[in-house]
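On a predicted model such as this, the values are computed, not experimentally measured, just so you know. For the single chain, residues carry numbers from 1 onward in sequence order.
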Amino acid sequence: MFGFNVKHWNLSKKTELFVRLGFVAPRILKKINHARNILEYEYTLPSEAQVEEALDLAVLFVNSACRYLDLFIHEFSIGNFTERVDSFHFRKELTFRYDEENKFYIFRDWIDVTPENEGLGGG
């Protein structure tokens with residue numbers, strides 16, 4: 001999720017991340033998690049109203065996340081401000097690029113970057 005490996009995180013750690021990212025209030029997550037636990041561990045079916053509420057909340061979350069994802073930059077560089085080469089590069093920099101087609105991130109380090117070339121790349 002957004003570059004975080006949350007597969008083995010508990011709900012409180014995931015909730016803390018969501019709050020830091022500004023997506024959703026923890027009360028909503030706790031409510032959804034409680035309903036999921038009842039379904040998963042007590043085998044009690046939710047009411048029609050609970051299902052509709054869960055779907056509404058899911059739609060709200062997806063819509064709020066899309067607002068941030070639409071602004072996501074697929075490639076950027078970081079480095080020391082004093083070593084800025086141009087508007088996008090630094091003499092020594094780390095570049096981060098998201099490969100949309102293959103769904104993975106590429107991280108590279110560079111030294112001796114000039115406006116004419118990308119410098120010597122690392123791994």
Side-chain angles (χ1 to χ4, degrees):
M1 179 185 79
F2 304 109
F4 295 93
N5 184 7
V6 298
K7 186 175 183 178
H8 301 291
W9 288 12
N10 63 26
L11 178 65
S12 65
K13 191 168 181 176
K14 290 176 185 175
T15 301
E16 180 184 319
L17 174 63
F18 278 4
V19 169
R20 285 189 358 232
L21 294 174
F23 286 119
V24 66
R27 291 184 311 242
I28 293 172
L29 286 178
K30 289 177 185 174
K31 188 174 186 177
I32 292 170
N33 191 59
H34 177 72
R36 182 195 62 86
N37 285 340
I38 290 173
L39 176 64
E40 186 174 336
Y41 299 115
E42 297 178 19
Y43 305 107
T44 303
L45 291 176
S47 68
E48 185 176 337
Q50 287 173 311
V51 172
E52 288 173 353
E53 184 177 70
L55 289 172
D56 289 344
L57 290 172
V59 168
L60 287 172
F61 174 76
V62 169
N63 288 339
S64 71
C66 285
R67 177 178 58 202
Y68 293 98
L69 294 175
D70 288 343
L71 298 174
F72 183 74
I73 300 172
H74 293 289
E75 184 172 355
F76 63 94
S77 300
I78 60 173
N80 291 325
F81 184 77
T82 58
E83 295 183 338
R84 183 173 289 277
V85 173
D86 59 25
S87 297
F88 303 103
H89 298 287
F90 304 89
R91 195 175 72 73
K92 291 183 238 174
E93 67 183 33
L94 293 174
T95 60
F96 301 84
R97 183 171 59 89
Y98 183 69
D99 185 326
E100 182 71 34
E101 182 178 328
N102 297 304
K103 307 291 185 213
F104 65 85
Y105 290 92
I106 300 168
F107 305 99
R108 301 223 33 209
D109 59 314
W110 300 92
I111 58 171
D112 296 327
V113 175
T114 67
E116 297 81 33
N117 68 42
E118 293 189 59
L120 304 172

Enquirer: Would you list the pairs meeting salt bridge (Lys or Arg N to Asp or Glu O under 4.0 Å) in which at least one residue belongs to residues 37-49, sequence neighbours left out?
Expert: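 Pairs touching residues 37-49 that pass the test: Arg36-Glu40.
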
Enquirer: Roughly how far apart are Asn37 CG and Thr44 OG1, rounded to 0.5 Å?
Expert: 11.5 Å

Enquirer: Determine the interplanar angle of the Tyr105 and Tyr98 rings, folded into 0 to 90°, and report it as parallel if under 30°, tilted if 30 to 60°, perpendicular if over 60°.
Expert: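 Ring orientation, 0 to 90° scale: tilted.
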
Enquirer: Got a sec, which hydrophobics cluster with Ile38, joining ILVMFWY side chains under 4.5 Å apart, including via others?
Expert: none

Enquirer: In the hydrophobic cluster built from side-chain contacts under 4.5 Å, what are the other members alongside Val51?
Expert: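 Leu55, all in the cluster of Val51.
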
Enquirer: With sequence neighbours excluded, what pairs up with Asn80 under the side chain to side chain contact (heavy atoms under 4.5 Å, CB included) test?
Expert: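 Counting only residues at least two positions away or on another chain, Asn80 forms a side chain to side chain contact (heavy atoms under 4.5 Å, CB included) with Thr82, Glu83.
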
Enquirer: Going by side-chain heavy atoms closer than 4.5 Å, which hydrophobic residues are tied to Phe104, directly or by a chain of links?
Expert: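 Besides Phe104, the hydrophobic cluster comprises Ile106, listed by chain and residue number.
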
Enquirer: Does Glu100 have any side chain to side chain donor-acceptor pair (under 3.5 Å) partners at least two apart in sequence or in another chain, and if so, which?
Expert: Lys103

Enquirer: Looking only at heavy atoms, what is the nearest atom pair of Thr95 and Glu93, with distance?
Expert: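 Heavy atoms of Thr95 and Glu93 come nearest at CG2-OE2, 3.2 Å.
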
Enquirer: Who are the side chain to side chain donor-acceptor pair (under 3.5 Å) partners of Asn102, not counting sequence neighbours?
Expert: Asp99

Enquirer: Any chance you could measure Arg84, atom CZ, to Arg91, atom CZ, to the nearest 0.5 Å?
Expert: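 Rounded to the nearest 0.5 Å, the CZ-CZ separation comes to 14.5 Å.
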
Enquirer: Could you tell me which residues satisfy side chain to side chain contact (heavy atoms under 4.5 Å, CB included) with Ser47, sequence neighbours excluded, listed by chain and number?
Expert: Ala49, Gln50

Enquirer: For Glu53, which residues count as a side chain to side chain donor-acceptor pair (under 3.5 Å) partner, sequence neighbours excluded?
Expert: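 Expected list: Lys31.
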
